[in-house]
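Working notes for the structure below.
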Amino acid sequence: MLRFTFLGVSGSVQELSGGNTSLLIAGEEGRVAVDLSANLPVLTEADIDMVILTHEHIDHVYGLPSLIHQLWIKGRERPLAICLPSGLWGLAEGLMDLFGLRTKNRMFEIRLLTEQEFKVGTMSFTLFPTDHTGHSVGVVVREKGEKMAYTSDTRPIEDIPAAVRGARVLIHEASGVSGDQELLIKKGHSSGRDAGILARELGAEKLYLCHLPAEEEAKREILREARSVFERSYIPGLLKEERIY
């Protein structure tokens, strides 16, 4: 059964109560971190098999060297795969080189991968392009008939990728409301209404909103807007394991 835990749900500016948007996804076999910022100890304890980085912005990648360093301190020996768009290869290597991670004594093997389709344990993953940066991707995860999709940061998705169709759970960024649509699109983001529309068109069962502003009233307004289009919209709790059913 697919399970997922939000380690953070904030946009570019963190809150005192939580960090930037990042996820832990687990199947019957296999555990994968998607983007790296908040609550890294959860990932070290989970003994993850892979990291997926969706794009190059700092709020999605800055935890990479710290995670590797913590895994090394805790005595990890088996390799760690890092899957990322090909345009992020130099960024990932640069972050590791900055702290000399590959040169540390008894450092485990770090494998950078750029595949768009792959398996981790019992889960199958597909990366699809999004409209945020020149390299940004979203993530689709499947396991035994269950399917979820995470858009990461993106402008409204109008032409739904084939890989995303049929997702029972949609995790979609919502950086504001439709009244700010012009500014959101300029910055490469979506509104709560945009997220709700995509969930409705997919026929999803649940929509989780993320990449949210810090202000509580702003969150409530985004949630109200999403629910006006798709009733089963939620702002997720942190460190609470969710399941697809």
Side-chain angles (χ1 to χ4, degrees), residues 2 4-14 18-25 32-39 43 48 50-64 67 82-88 91-92 113-118 120 123 125-142 147-161 163-165 167 169-176 184-185 187-192 194-199 202 204 206-213 222 226 233-236 238 242:
L2 275 177
F4 52 99
T5 303
F6 288 89
L7 308 181
V9 296
S10 298
S12 300
V13 178
Q14 291 190 12
N20 306 114
T21 298
S22 54
L23 295 163
L24 170 63
I25 300 175
V32 174
V34 183
D35 292 331
L36 295 175
S37 58
N39 288 301
L43 302 180
I48 57 172
M50 175 181 280
V51 168
I52 298 174
L53 300 178
T54 63
H55 64 285
E56 66 269 29
H57 286 164
I58 190 169
D59 52 318
H60 293 257
V61 302
Y62 72 83
L64 178 62
L67 175 65
I82 302 173
C83 189
L84 70 179
S86 58
L88 272 64
L91 173 63
L113 309 173
T114 58
E115 284 83 356
Q116 293 184 318
E117 296 190 9
F118 49 88
V120 179
M123 299 178 288
F125 288 78
T126 300
L127 306 186
F128 62 93
T130 59
D131 187 11
H132 184 61
T133 75
H135 306 297
S136 60
V137 297
V139 182
V140 173
V141 192
R142 301 179 302 280
K147 186 175 184 178
M148 60 181 288
Y150 167 54
T151 65
S152 188
D153 297 5
T154 186
R155 294 178 177 88
I157 296 175
E158 297 178 357
D159 186 10
I160 302 174
V164 178
R165 295 189 179 277
V169 167
L170 174 65
I171 302 171
H172 199 294
E173 75 119 293
S175 299
L184 289 173
I185 290 176
K187 292 184 175 182
H189 293 290
S190 297
S191 69
D194 295 324
I197 288 172
L198 181 58
L202 287 175
K206 289 184 179 180
L207 166 64
Y208 291 93
L209 303 169
C210 61
H211 202 269
L212 299 164
I222 290 169
S233 301
Y234 306 93
I235 291 178
L238 296 185
E242 305 281 357

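Residues take their numbers from the sequence shown, with the count starting at 1.
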Going through the distances and angles, do M50 and F118 end up as a side-chain contact (heavy atoms from CB on, under 4.5 Å)?
-> CA-CA 11 Å; M50 175 181 280; F118 49 88; 3.3 Å; yes
If you take all heavy atoms of [X] and [Y], which pair is closest and at what distance?
{"X": "I222", "Y": "G176", "result": "CG1-O, 3.5 Å"}
{"X": "S22", "Y": "L36", "result": "CB-N, 4.4 Å"}
{"X": "S136", "Y": "T130", "result": "OG-OG1, 2.8 Å"}
{"X": "N39", "Y": "L7", "result": "ND2-O, 2.8 Å"}
{"X": "C210", "Y": "I171", "result": "SG-CG2, 3.8 Å"}
{"X": "T114", "Y": "S86", "result": "CG2-CA, 3.7 Å"}

Distance (rounded to the nearest 0.5 Å) between [X] [atom1] and [Y] [atom2]:
{"X": "R155", "Y": "S191", "atom1": "CZ", "atom2": "OG", "value": "13.5 Å"}
{"X": "S190", "Y": "I197", "atom1": "OG", "atom2": "CD1", "value": "10.0 Å"}
{"X": "Y150", "Y": "F125", "atom1": "OH", "atom2": "CZ", "value": "13.0 Å"}
{"X": "E117", "Y": "C83", "atom1": "CD", "atom2": "SG", "value": "11.0 Å"}
{"X": "I157", "Y": "D194", "atom1": "CD1", "atom2": "CG", "value": "9.5 Å"}
{"X": "T133", "Y": "L88", "atom1": "OG1", "atom2": "CG", "value": "7.5 Å"}

Give me the one residue out of V164, V139, V141, V140 that meets side chain to side chain contact (heavy atoms under 4.5 Å, CB included) with M148.
->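 Filter result, single survivor: V141.
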Distance-only, no hydrogens or angles: does the [X] side chain make a donor-acceptor pair with backbone N or O of [Y] under 3.5 Å?
{"X": "D35", "Y": "T54", "value": "yes"}
{"X": "N20", "Y": "G11", "value": "yes"}
{"X": "T21", "Y": "V9", "value": "yes"}

H135 and H55 aromatic centres sub-6.0 Å |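 That pair fails the under 6.0 Å test.
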Give a yes or no on whether the ring-centroid distance for Y208 and F6 is below 6.0 angstrom.
->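 Yes; F6 has its ring centre under 6.0 Å from that of Y208.
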Worked check of side-chain contact (heavy atoms from CB on, under 4.5 Å) between I48 and V32 = CA-CA 6 Å; I48 57 172; V32 174; over 6 Å; no
Between [Y] and [X], is there a side-chain heavy-atom distance shorter than 4.5 Å?
{"X": "L84", "Y": "I52", "value": "no"}
{"X": "V137", "Y": "S152", "value": "no"}
{"X": "M123", "Y": "I25", "value": "yes"}
{"X": "H172", "Y": "L198", "value": "yes"}
{"X": "L2", "Y": "K147", "value": "no"}

The single option from H57, K187, E173 passing side-chain hydrogen bond (donor to acceptor under 3.5 Å, both in side chains) against H132 |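 Considering H57, K187, E173, a side-chain hydrogen bond (donor to acceptor under 3.5 Å, both in side chains) with H132 is found only for H57.
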Is it the case that more than 12 heavy atoms not belonging to Q14 sit under 6.0 Å from its CD atom?
->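 Check passes, neighbour count above 12.
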Are I82 and L113 close enough, and set up right, to give a side-chain contact (heavy atoms from CB on, under 4.5 Å), and what steps lead you there?
-> CA-CA 6 Å; I82 302 173; L113 309 173; over 6 Å; no
Tell me, please, which residues at least two apart from H211 pass ring pair (Phe, Tyr, Trp, His ring centres under 6.0 Å).
->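 Scan of H211 (ring pair (Phe, Tyr, Trp, His ring centres under 6.0 Å), adjacent residues dropped) gives H189.
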Between Y234 and L207, does a side-chain contact (heavy atoms from CB on, under 4.5 Å) hold up when you go through it step by step?
-> CA-CA 6 Å; Y234 306 93; L207 166 64; over 6 Å; no
